[in-house]
Every structure is written in C-alpha cells, then in structure tokens.
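One structure is given here, and the rest of the page talks about it.
These numbers come from a predicted model, not from an experiment. Computed from heavy atoms alone, side chains included, the values below leave out hydrogens, waters and symmetry copies.
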Amino acid sequence: MRTVAVVGASLAGLSAARSLRNRGYDGRLVVIGDEAHRPYDRPPLSKEFLAGAIGEADLALERGDEELAAEWVLGVRAAGLDSTERAIRLADGREVRADGVVIATGAAARTLPGTEGLAGVHVLRTLDDARALRDELARGGRLVVIGGGFIGAEVASTARALGLDVTVVEAAPTPLAGPLGEAMGRVLSGLHADHGVRLLCGVGVKGLGGERRVDSVLLEDSRGVPADIVVVGVGARPCVDWLQGSGVALDNGVKCGADGRTSLAGVVAVGDCANWYDPRAGIHRRVEHWTGALERPDAAVATLLAHGATAPGTPRPPYFWSDQYGVKIQFVGHAAGADSVTVEEGATEDRSFLAVYRRASRPVAVLGMNQPRLFTRWRKQLATEAS
C-alpha cells in the first residue's frame, strides 16, 4: 500500500496510526479529523478538566518525542467514500486517495430536538463542549442532568463537588441497568443520594422551558424542574452517515468482523463507530470504551496490511472505569445474559466491594467499587478465560 488514510483523529485513529508505523508501514499516512484539535483524551472532560483541575495541555495524547510522519488534515469532516476511485471526499471539496482506509469517525452526542439555540443547554463529547460547560458551571446555579448514564453521573459528581444544586433525570426505572443490571444499577445510583443529588427515575422529559435561555426541564408527568444549566446525556450515535452508498455495510455503525474488517476490501473500522463481531457471544457489539479504542486498532491494522489474510482473534472483554463522588468504579465484560451476580468482597452499603456476574456458573463480567487490586486480578482472569 502506498497510501493509508485514517478517517478520525481521536484515540482510535491515533492508535491505528501508531500501529501502522509499529508494524512497519512506511508509506504515506494521512490522518483526517473533523475537529481542529490534535488528538486529545476524552475521559477527563467530564471530570478533572470540567472541574478545572487540569488544562488542555494535559489532555494531549501524542507523546512529546512521537513522530508518526503523518499528514494531518484537521478541521474538516469526511463527506463520502468512493470505493471505485478509492477516494475520501472531504466537506471542503478536496479528495484524499488511498489504497487502505481506517474508519475511526467515532460517535456524536445525541441532542434533544427543539433545543437548538437555547442558551444553557449542553452536551459533553468534545473539547469544545467541555470548554463551554466548564465556563457555565463556574458561575454556579441549578444543574439538571438528563440521562443517568456514566457521562451524566460523572458530570453530576463534578458539578456537585463544585457546589452546584444538581438533579439527575433518568427515564428508566433504574439508572445503568443496561450495562450493570438492575441490582448493581441501584447500588451505583445510591451514590447520588449519598452526596445530596436528587435522582428522578422512571420519568421522561417532555421538553425544556425558557425563551432565549433554559429555565426549567418539563417532565412527562407534568412536573417542572427549575434549571439554570442543562446537560443532555442520552447516549451517542455513530458517525457513519458519510458512508451511505459507499459499499461499506452499516448496522448500528460500521458492521465488522472480529478483527475490524468491513464488507469492503481494504477498509477496516475501529473505535466508537465500529460494530465488531463478538465470537464468544455470536453477535455484533459496538463498544464505546477507551480501552477498545486503544487496543482494537492494532488487530484491524494487522488485517489491513495483510489484505485480510490474517485469522481473526478474539477481542478482549470490554473494560471501562468511572470516577464518581470520589469512588473508583471499574467494570469488565458483559452483564447482559448473566443469570446471577454475587458480591465476592466487601459490602455494597460501604461503597467498597467486588461483584462477579455469572452465566451457568461461568464468570462473564466483574464490577468493582474502590477495589482496584482485586478487580485487576479478576480482569486478567476473565481475559484468560475468554481467549
């Protein structure tokens, strides 16, 4: 291959570029990103950066002595992929021709319809999002977080530590029941009550009040929650619209094999936009976790450079962590399908425990709260059993 284009300049794209060079690729390397920023770390955006504990320089993902010999095309989004011409069309009219393509365009935060232009309403996905929200939180007031997932919970935790009055609204009866199951979802939601955050569950949002600036969140049960700032944390959608008509199969993102290969030869996909096949479960999964964006690109790059001749391996069980109210939360595996969950160490009421999820007596996931050493041992065990 004379030219490889990596479309996406966040962690997954950077990891793919590094893997290309580490695996001996010495041809032309083009990295395309829709943001003007060089690759930066996203997890601190909802925590240390939002709290003002670290600055933008601390978010940099590139090492000071790192030289990838890449052409960086930043601040312009990909608008299309012409498989016949092997060309990526950019929104500014330019084209980048490439023999191999790594799709790493990530995901975009979902918004509430009809809230465009209403001041005080935020999502949190990018550095620019975090800048705007940080400035607002510094002024204090009443914050309403719509969505009780991990991003929403982290924002609530950070805002509460800054002294804001915080309410979290979650449409599901139990926050985090999807990734963690009902029982452990209830345990984690208790962290909000522990720290004076109001949690309103089992009720949806009908709309937002206010003319030029938000002043309330209107619930479907006719209640209104006063708000000076609103953060919408209702998930993300994969950024794959630009691939329509390209020949790349799409299904909740880019549909991939267990090694990132797509339906189009010479094209692989990684990161939040990639719906990889999980051979253990026999289904496709789109994993939106930092470790997946760090680790999986190497397998995809190996496939790309070998022109698909490599045998797909088994991806490691997905791992993520969250810091909320001073508690370190770690999770590995998949809770879905588990038929039991047991606390193996500590106690849930102490907010320090380790729980193991099992299916037919076989461990399939592990959750730890303030149990990093024991969790690490279980994570290694789960990875060994899955390989």
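- Looking at residues two or more places apart in sequence or on another chain, you find no salt bridge (Lys or Arg N to Asp or Glu O under 4.0 Å) involving Glu220.
- Take Asp221 and apply the side-chain contact (heavy atoms from CB on, under 4.5 Å) test, not counting sequence neighbours, and it matches Val203, Leu219, Arg223.
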Check the pair Glu136 / Arg213 against salt bridge (Lys or Arg N to Asp or Glu O under 4.0 Å), numbers first and verdict last. CA-CA 12 Å; Glu136 291 238 43; Arg213 183 177 181 87; 2.5 Å; yes
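- In summary, of the residues considered (Arg296, Arg286, Arg285), a salt bridge (Lys or Arg N to Asp or Glu O under 4.0 Å) with Asp278 occurs for Arg285 alone.
- Legend: residues meeting side-chain contact (heavy atoms from CB on, under 4.5 Å) with Pro43, ordered by chain and number and at least two apart, are Asp41, Lys47, Trp290, Trp321.
- Side-chain contact between Val187 and Phe353 is present, with heavy atoms from C-beta onward closer than 4.5 Å.
- Annotation: salt bridge (Lys or Arg N to Asp or Glu O under 4.0 Å) contacts of Arg358 (sequence neighbours excluded): Glu344.
- Between Tyr357 and His334, every side-chain heavy-atom pair lies at or beyond the 4.5 Å cut-off.
- Every side chain to side chain donor-acceptor pair (under 3.5 Å) that Arg261 has, sequence neighbours left out, goes to Asp259.
- At a threshold of 4.5 Å between non-hydrogen side-chain atoms, the residues His192 and Val168 count as touching.
- Counting side-chain heavy-atom gaps under 4.5 Å among Ile, Leu, Val, Met, Phe, Trp and Tyr, the cluster of Val7 also holds Val30, Ile32, Val73, Val76, Leu81, Ile88, Leu90, Val96, Val101, Ile103, Val240, Trp242, Leu243, Val248, Leu250, Val254, Leu264, Val267.
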As a quick check of understanding, evaluate side-chain hydrogen bond (donor to acceptor under 3.5 Å, both in side chains) for Arg42 and Tyr40, giving each step before the final call. CA-CA 6 Å; Arg42 295 186 190 274; Tyr40 60 88; 3.2 Å; yes
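- Among residues two or more places apart in sequence or in another chain, the side chain to side chain donor-acceptor pair (under 3.5 Å) test is passed with Arg94 by Asp92.
- Evaluation of the salt bridge (Lys or Arg N to Asp or Glu O under 4.0 Å) test over residues 108-125, restricted to residues two or more places apart or in two chains, returns Arg125-Asp272, Arg125-Glu288.
- Around atom CD of Glu211, no more than 12 heavy atoms belonging to other residues, nucleotides or ligands sit under 6.0 Å away.
- Considering only residues two or more places apart in sequence or on other chains, Glu67 meets the salt bridge (Lys or Arg N to Asp or Glu O under 4.0 Å) condition with none of them.
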Salt bridge (Lys or Arg N to Asp or Glu O under 4.0 Å) assessment of Arg359 paired with Asp339: CA-CA 5 Å; Arg359 181 167 56 244; Asp339 52 36; over 6 Å; no
Side-chain donor/acceptor pairs under 3.5 Å, residues 50-57, sequence neighbours excluded:
residue: Glu56; atom: OE1; partner: Arg131; partner atom: NH2; Å: 2.8
residue: Glu56; atom: OE2; partner: Arg131; partner atom: NE; Å: 2.7
residue: Glu56; atom: OE2; partner: Arg131; partner atom: NH2; Å: 3.2

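- Listed by chain and number, the residues in a side chain to side chain donor-acceptor pair (under 3.5 Å) with Arg23 are Asp298 (sequence neighbours excluded).
- With sequence neighbours excluded, the residues satisfying side chain to side chain donor-acceptor pair (under 3.5 Å) with Thr167 are Arg198.
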